[in-house]
Amino acid sequence: MSEALKIALGRRYRFAASHRLHSDALSAEENARVYGKCNNPYGHGHNYVLEISVSGTPDPATGMIVNLTDLDGFVEREVLEAFDHKSLNEDVPVFRTKVPTTENVCREIYQRLKRFPQAKLERVRVEETSNNAFEYAGEEF
Amino acid sequence: MVYLTRKIEFSASHLYHNPAFSAEENKRVFGKCNNPHGHGHNYSLEVTVAGEPDPVTGMVLDLKELKEILEREITQRMDHRFLNYEVPELKGQIPTCENIARVIWNLLEPRIHQGRLHRVRLYETPDLFADCYRNGAKPG
């Protein structure tokens with residue numbers, strides 16, 4: 001293999017969750033103006049798609065960067081169990097103080113998954129709807 | 001710099017088996033993919049070329065030429081084939097998405113003379129894919 005090449009594995013997962021966009025730093029009118037419908041006090045939900053990319057050297061014995069069972073198990077434990085069928089504002093502690101915009105969701109998922117020990121996390125992409133997608137690849141990009 | 005992507009699809013079968021492993025180990029590591037008769041996928045391949053559009057033609061490269069390269073190098077070699085037995089470039093390797101993407105990169109890179117191969121993305125299913133790109137390039 002040429003050392004100049006990088007191989008990354010991409011995997012897509014799904015979770016359904018509710019959220020409400022509201023900032024305590026803004027007045028009621030400002031919240032309504034900035035967040036529009038997303039400021040509805042009872043919240044609303046999305047079917048989120050999470051796409052991640054991890055890189056590494058494929059093991060010559062298995063041809064794999066990482067065994068999918070290990071990767072899937074890690075994502076399940078670190079993200080899906082905490083996010084799926086949850087209220088992001090109420091059930092995920094970081095979003096008690098941070099607005100759960102998909103930008104922030106993307107960054108939070110990156111922080112959780114970058115601890116994966118078997119491969120390097122390259123990129124996290126979160127699709128909030130089929131028309132809105134957000135990506136985070138750490139601060140160097 | 002402009003990035004141009006062309007997509008093709010091919011269907012092929014494969015199986016994961018390492019002769020250095022015991023039968024039990026093969027089963028444990030590769031699971032269902034170790035079925036000795038193989039199984040198949042509809043692969044989807046996205047090839048991205050980076051370059052500056054030619055001021056006269058407005059093109060990074062002639063798409064017709066890229067289409068022909070993909071047909072000759074990839075479709076003819078891999079479509080409706082059993083990857084373990086019929087693709088010599090994969091001989092001695094487990095035909096995982098990662099390894100196939102690297103083989104595809106190595107087949108295409110020397111053939112692209114206008115622009116520069118930027119990324120090969122190979123989908124094995126809509127939820128599983130491998131990217132091959134140059135170290136240091138922006139991921140994804």
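Here the structure is a predicted model, which means the values were calculated and not measured.
Note on Y48(A) and V94(A): same hydrophobic cluster, where clusters join Ile, Leu, Val, Met, Phe, Trp and Tyr whose side-chain heavy atoms are under 4.5 Å apart, directly or indirectly. Hydrophobic clustering of Ile, Leu, Val, Met, Phe, Trp and Tyr side chains at less than 4.5 Å, counting indirect connections, keeps L80(A) apart from F134(A). Under the 4.5 Å side-chain heavy-atom criterion for grouping Ile, Leu, Val, Met, Phe, Trp and Tyr, L9(A) is connected to L121(A) within one hydrophobic cluster. Residues L5(A) and M64(A) are members of separate hydrophobic clusters, defined by side-chain heavy-atom contacts under 4.5 angstrom among Ile, Leu, Val, Met, Phe, Trp and Tyr. The hydrophobic clustering, which links ILVMFWY residues whose side-chain heavy atoms are closer than 4.5 Å, places V103(B) and F10(B) together.
For chain A, the nearby part of P126(B) is the backbone; its heavy atoms alone come within less than 4.5 Å. Only the side chain of R14(A) comes within contact range of chain B, judged by heavy atoms closer than 4.5 Å.
Atom CZ in R11(A) sits 10.5 Å away from atom CZ in F129(B) (nearest 0.5 Å). How far CG of D59(A) is from CD of E98(B): 10.5 Å, rounded to the nearest 0.5 Å. The line from CH2 of W105(B) to NZ of K6(A) is 12.5 Å long, rounded to the nearest 0.5 Å. Between atom CG of residue N67(A) and atom OG1 of residue T96(B) there is a gap of 11.0 Å, rounded to the nearest 0.5 Å. Note that CD of E122(A) and CG of D131(B) are 9.5 Å apart. Values are rounded to the nearest 0.5 Å.
The residue among L122(B), L128(B), N99(B), N18(B) with the most heavy atom pairs within less than 4.5 Å of chain A is L128(B). Interface summary for chain A: among T125(B), N26(B), V120(B), I94(B), the most heavy-atom pairs under 4.5 angstrom belong to I94(B). Interface remark: of the candidates F30(B), Y16(B), Y123(B), F30(B) forms the most heavy-atom pairs closer than 4.5 Å to chain A. Your options are L68(A), T69(A), T62(A), and the one with the most heavy-atom pairs under 4.5 Å with chain B is T62(A).
Residue E90(A) places its CD atom among 12 or fewer non-hydrogen atoms of other residues, nucleotides or ligands, all under 6.0 Å distant. Within a 6.0 Å sphere centred on NZ of K120(A), other residues, nucleotides and ligands contribute more than 12 heavy atoms. No more than 12 heavy atoms of other residues, nucleotides or ligands lie within 6.0 Å of CG in D24(A), so this atom counts as exposed by the packing criterion.
Q93(B) places none of its side-chain heavy atoms less than 4.5 Å from the side chain of P58(A).
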